[in-house]
Peer 1: 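One structure follows; several queries about it will come next.
From a predicted model like this one, the values you see are computed outputs, not experimental measurements.
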Amino acid sequence: MTDDTHSRPTVHALLSDGTTVCIRPVQQADHEQLQGLYDEMSAENLRLRFFAASRRSAAMAADRASAPPHPGYRALMAESKDQVIGLAEYEVGDDAASAEISIAVNDTLHHHGVGTLLVEHLVSAARADGITTFTADALSENHEVLQLFADLGLRTTRRFEGPEVRCAIELAEDDAYLSAVEARGGAADVASLEPLLRPNAIAVVGAGRRPGSVGRALLHHLHAGGFTRRLFAVNPRATSILGVPSYPSVSALPKVPDLAVLALPAGALPDAAEECGKTGVRALLVVSAGLDSRQAEALMATCRTYGMRLVGPNCLGITNTDPALSLDATFAADHPRPGTAGVAVQSGGVGIALLDGLSRLGIGVSSFASLGDKYDVSGNDMLQWWESDNRTELALLHLESFGNPRAFSRTARRVTRRMPVLTVDAGRTDAGRRAAASHTAAAATPTMTRQALFTQAGITATRSVGELLETAALLHSQPLPTGTRVAVVTNAGGVGVLAADACAEAGLSLPPLTPSVIESLHAVLPDGATVGNPLDVTAAVSEEELGDCVDRIMRHPGIDAVLLALVPTAVAAATGDDLVRALTSGPARRAHPVAVVRLEQDLPVRLLPTKDGGTIPSYAEPGAAAQALAHASRRAAWLSRPAGTVPELAEVDTARARTVAETYLAAHPDGGWLDPRTCAELLACYGIPQLPWSWAETEDDAVIAAERLRGPDGRVVMKAHWPGRLHKSEQHAVHLDLDGDAQVRASFRDFENRFAGLMTGVVVQPLAARGTELFAGVVQDEVFGPLVLFGLGGTATEALADLPQSRLRSTGGTRIARLAPLTDLDVHDLITVPRCAPLLFGAHGSGPVDLQSLEQLLLRLSRMSSDLPQLAEADFNPVLATPDAVTVLDARVRLLPRRAQDPYLRRLR
């Protein structure tokens with residue numbers, strides 16, 4: 001176990017009531033404060049903590065916690081406004097895998113989650129130290145600490161020994177523990193957002209007396225929007241602005257505001273934030289832009305010191321349309337329409353477009369946050385708010401960067417089972433990623449990584465703001481389809497063709513209608529109707545006939561959705577028929593979704609009101625309607641799938657693998673590509689099958705190795721190796737089909753001559769059997785964690801660029817990726833989605849490959865990448881798949897000196 005107690009970073013996290021605390025390792029200088037924690041403890045709590053009301057025991061505990069660091073001991077403390085409010089510590093005994101834990105919390109802060117939060121952080125530290133079990137002794141009457149252990153979400157056993165209870169807590173991380181941490185974190189997160197999104201009083205700092213300032217526009221929006229609670233302006237040169245009382249400073253306000261809106265020059269922000277914090281403000285909205293690194297650091301430090309949540313800087317503002325509040329703290333041109341869509345964006349321009357679009361559609365907005373540079377409040381926070389606000393039914397996101405994508409993914413997976421979560425997949429190109437990085441000052445996210453996140457989390461990813469609104473209109477108004485089978489109904493054959501093309505291009509199918517349905521439709525449609533799919537009802541169709549037609553198709557068991565492509569005709573006008581009315585006069589929510597296409601429509605999408613108070617989406621283009629239906633069908637498919645589980649794997653030696661990685665990095669502090677022997681040793685720790693091979697550093701050794709490894713055909717392969725060698729084929733560092741000692745010797749001498757001064761040895765392998773060549777690999781993203789890639793292999797894959805980022809670019813569907821750890825369903829997707837899938841399942845009569853072994857290979861690769869944060873890259877290429885086995889023919893692994901990051905540990909950004 002390494003002793004890095006004092007190297008662990010200081011973090012901030014939320015208590016159950018939403019207040020912010022600092023969690024950090026105890027230092028020697030903390031002795032006096034720790035002594036104060038115990039001195040303020042009541043005699044009863046001292047007795048429960050030390051089994052006796054002993055001040056001497058308390059003094060010894062403070063001495064121990066603040067002593068110089070020593071192996072096997074950790075102490076973490078919680079601070080609030082420079083006061084120690086809690087301490088948690090563990091010490092390892094004779095068993096290096098077990099440690100005894102103890103907890104102390106300020107008497108006035110019981111039931112605020114201080115102890116639980118400290119234990120969560122201690123659990124994370126202990127896991128990193130290889131500790132698997134916590135033990136604790138408690139008096140049986142100490143119900144609070146026993147309940148704390150029981151509620152952690154970890155498996156806990158108790159053994160009663162007289163008046164004492166011996167508790168054993170297993171630290172293995174599983175979904176039950178992560179769910180418990182999520183629930184606690186979500187409740188704390190929502191509580192912390194109350195002063196931001198449901199403030200009782202707001203102060204606009206920087207509201208000018210003259211028109212044209214952002215601060216004045218914000219104040220006007222709040223006042224004109226009818227904010228129902230107290231509203232103040234802060235301006236030292238005015239007593240009233242726009243009829244709102246103004247005061248010279250935040251500290252001079254008659255009531256401490258929950259939320260302060262700062263519209264000030266960047267240089268004035270740190271001092272203004274400091275005043276807000278000292279006054280007791282609980283949340284900041286900073287619309288100002290242009291902060292330098294010093295100003296940004298000062299702003300964040302102040303927010304953390306005083307426990308203020310922050311939206312921005314560089315943002316449009318926030319909105320909560322709850323009629324009891326009517327909060328519109330934005331400088332958008334108009335007030336958004338109240339409704340059911342939650343919106344969070346990083347771009348103010350995108351935010352304005354979404355607010356306008358949702359208002360125009362009639363969907364409206366429940367709450368809105370323009371996150372800007374996203375120093376603190378994030379999309380993850382907003383998802384949790386919408387999950388609990390009892391108003392939001394649809395979540396729309398525009399995120400250019402991700403702070404903690406794995407935590408975001410868990411939240412999104414949970415939320416999207418309750419409501420659709422839609423996003424614009426921004427930054428799909430190199431140019432877009434560069435622009436996003438410049439705009440938000442955050443690292444650009446590779447496309448394949450982001451798409452893996454969206455797919456696994458069940459997020460509906462669209463390619464534009466327009467497509468986002470078009471999809472939202474359908475999901476808001478219609479039921480989900482049960483599949484991808486669409487019936488196209490049109491009164492103009494050419495438009496039907498366009499609609500059919502659009503459906504096929506969106507991945508939807510147009511199945512033929514059954515004879516019984518065809519007969520039923522012929523009975524109600526005019527002569528000349530072409531009853532197929534598309535179904536051309538002709539220009540002569542009446543309003544009643546069209547409505548009857550749609551109703552009959554709805555009863556067809558082989559259809560999942562109906563797309564009506566309609567054009568206005570003189571025939572309908574002459575008879576007074578309104579074909580659209582045939583739909584809107586019926587029920588809005590039929591058994592299957594209905595979408596209308598009207599080429600003459602002036603707006604890309606509308607929601608047509610129906611007689612029963614619902615709506616039906618109407619599109620100006622067939623492609624938009626088809627794409628919205630495709631998104632809806634994918635959401636339905638995702639919801640119908642079980643959550644997936646991470647399978648247990650036999651014959652995995654994680655401890656040995658970590659030793660291999662640490663030993664290599666001790667000898668190579670800057671990291672690097674593993675030599676073949678170390679690479680093979682690492683793969684063996686995870687039971688990853690490799691083709692037999694031998695290492696040779698001389699010509700004679702190569703001959704001996706070839707003699708031992710020759711297969712039935714007597715041929716071998718030789719590969720030259722030197723540190724940093726990447727693409728053996730491009731560098732002509734491989735000889736195939738070597739038959740006999742003479743060819744082995746000649747090949748070795750060829751390598752010696754061409755790679756003199758570079759080559760450290762050769763790898764000799766038997767010539768592999770015929771099979772399907774695949775690629776499996778991992779790239780460790782510093783933000784997203786490990787990404788597992790899979791697809792076609794061989795020399796084509798080696799032609800990709802060396803940089804990890806370039807490995808993440810899609811190659812026309814030949815590879816896909818999923819974020820680790822992989823579930824059984826993720827592995828299924830990896831095998832079935834890429835273009836090589838038919839080869840794996842026996843296309844062209846070749847018979848299926850060993851799919852079970854392939855699944856095991858991917859799961860073991862995922863486990864290795866999850867266990868080892870030092871694993872920067874791993875390329876298995878080719879992987880040979882045959883009906884009998886799956887074997888890695890060539891493996892390359894690169895390690896870097898990285899520490900493990902617990903993505904699910906509760907902490908603020």
Side-chain angles (χ1 to χ4, degrees), residues 6 8-42 45 49 58 61-62 65-66 74-89 102-122 124-125 144-145 148 181 184-196 251 256-260 273-284 297-310 375-377 381 905-909:
H6 292 264
R8 293 185 69 83
T10 296
V11 300
H12 291 83
L14 298 171
L15 298 182
S16 58
D17 62 358
T19 58
T20 303
V21 295
C22 170
I23 306 291
R24 66 172 178 85
V26 175
Q27 307 288 339
Q28 289 178 258
D30 297 320
H31 182 275
E32 184 177 346
Q33 287 203 80
L34 290 173
Q35 184 67 57
L37 172 69
Y38 288 115
D39 287 345
E40 295 175 5
M41 199 174 286
S42 68
N45 280 329
R49 166 66 181 84
S66 57
R74 280 193 188 273
L76 297 177
M77 68 182 200
E79 283 181 310
S80 177
K81 298 178 181 176
D82 296 325
Q83 178 187 2
V84 176
I85 59 172
L87 172 71
E89 53 193 328
S102 62
I103 309 160
V105 175
N106 182 288
D107 279 11
T108 64
L109 288 173
H110 290 196
H111 309 294
H112 285 69
V114 179
T116 301
L117 184 61
L118 280 167
V119 172
E120 287 179 17
H121 281 257
L122 212 57
S124 179
E144 290 185 1
V145 75
L148 185 157
V181 171
R184 291 190 288 266
D189 210 1
V190 169
S192 76
L193 296 178
E194 283 281 341
L196 178 72
S251 57
V256 176
D258 291 318
L259 171 64
E274 181 76 19
E275 184 189 14
C276 289
K278 288 180 178 178
T279 305
V281 173
R282 298 174 60 198
L284 297 182
E297 185 177 341
L299 176 62
M300 279 310 303
T302 299
C303 288
R304 293 296 177 248
T305 298
Y306 295 103
M308 297 183 291
R309 296 307 305 268
L310 167 67
Y375 283 11
D376 178 25
V377 174
D381 295 305
L905 186 63
R906 282 200 283 156
R907 57 189 163 204
L908 293 170
R909 290 156 56 90

Peer 1: What are the two closest heavy atoms between A65 and L34, and how far apart are they?
Peer 2: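 A65 and L34 have their closest heavy atoms at CB-CD1, 3.8 Å.
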Peer 1: Find the distance between CZ (R49) and OG (S102) and round it off to the nearest 0.5 Å.
Peer 2: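 That separation rounds to 4.0 Å.
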Peer 1: Restricting to non-hydrogen atoms, name the atom on G86 and the atom on L118 that form the minimum distance, rounded to 0.1 Å.
Peer 2: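 Scanning both residues completely, I find the closest heavy atoms to be C-CD1, 3.5 Å.
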Peer 1: Between L76, L87, V84, which is the residue that forms a side-chain contact (heavy atoms from CB on, under 4.5 Å) with V26?
Peer 2: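 It is L87; the other options fail the test.
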Peer 1: How far does OG1 of T305 sit from CG of D82, to the nearest 0.5 angstrom?
Peer 2: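 If I round to the nearest 0.5 Å, the distance is 7.0 Å.
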Peer 1: Check whether any side-chain heavy atom of P195 sits under 4.5 Å from a side-chain heavy atom of L259, and report yes or no.
Peer 2: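 Not touching, per the 4.5 Å side-chain cut-off.
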Peer 1: Taking all heavy atoms of Y38 and all of A62, pick out the closest pair and write down the distance.
Peer 2: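 Result for this residue pair: CE1-N, 4.0 Å.
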Peer 1: Does the side chain of I85 reach to within under 4.5 Å of the side chain of H112, using non-hydrogen atoms?
Peer 2: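 Sidechains of H112 and I85: no contact.
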Peer 1: Quick check: closest heavy atoms across A13 and L117, and the distance to 0.1 Å?
Peer 2: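 Of all heavy-atom pairs spanning A13 and L117, the closest is CB-CD2, 3.7 Å.
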Peer 1: Applying side chain to side chain contact (heavy atoms under 4.5 Å, CB included), run through R24 and D30 and close with a yes or a no.
Peer 2: CA-CA 11 Å; R24 66 172 178 85; D30 297 320; 2.7 Å; yes
Peer 1: Closest heavy-atom contact between V114 and A78?
Peer 2: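 Closest approach of V114 to A78, heavy atoms only: CG1-CB, 4.1 Å.
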Peer 1: Considering the options K81, K278, E274, which one meets the side chain to side chain donor-acceptor pair (under 3.5 Å) requirement together with Y306?
Peer 2: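 Filter result, single survivor: E274.
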Peer 1: Under a 3.5 Å distance rule, please check whether T19 uses its side chain to pair with a backbone N or O of L15 as donor and acceptor.
Peer 2: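 Not at all, since once roles are kept as given, no pair shorter than 3.5 Å links the two residues.
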Peer 1: Any side-chain heavy atom of N45 within less than 4.5 Å of one from H110?
Peer 2: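 They are in contact (side-chain heavy atoms under 4.5 Å apart), so the answer is yes.
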Peer 1: Decide yes or no on side-chain hydrogen bond (donor to acceptor under 3.5 Å, both in side chains) for R309 and T20, but give the supporting numbers first.
Peer 2: CA-CA 9 Å; R309 296 307 305 268; T20 303; 6.0 Å; no
Peer 1: Do L299 and L284 have side-chain heavy atoms sitting under 4.5 Å apart?
Peer 2: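 Side-chain contact under 4.5 Å: yes.
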Peer 1: What distance separates M77 CE from C22 SG, expressed to the nearest 0.5 Å?
Peer 2: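 M77 atom CE to C22 atom SG measures 7.0 Å (nearest 0.5 Å).
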Peer 1: Counting N and O atoms only, with roles assigned by atom type, does the side chain of H121 sit under 3.5 Å from a partner on the main chain of R906, one being a donor and the other an acceptor?
Peer 2: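 Answer holds: yes.
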Peer 1: Tell me the closest heavy-atom pair linking S16 and A191, and the distance in Å.
Peer 2: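 Shortest heavy-atom contact: O-CB, 3.9 Å.
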Peer 1: Kindly compute the distance separating NE2 (H111) from OG1 (T116), expressed to the nearest 0.5 Å.
Peer 2: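 Between atom NE2 of H111 and atom OG1 of T116 there are 11.0 Å.
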Peer 1: As an exercise, state the distance from CG of D376 to CZ of R304, rounded to the nearest 0.5 Å.
Peer 2: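 CZ of R304 is found 4.0 Å from CG of D376.
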Peer 1: From L908 CG over to C303 SG, what is the distance, rounded to the nearest 0.5 angstrom?
Peer 2: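 Going from the CG atom of L908 to the SG atom of C303 covers 10.5 Å.
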Peer 1: Indicate yes or no for a side-chain donor-acceptor contact from E40 to the backbone of N106 under 3.5 Å, with no hydrogens or angles considered.
Peer 2: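 Looks like no, no N/O pair under 3.5 Å.
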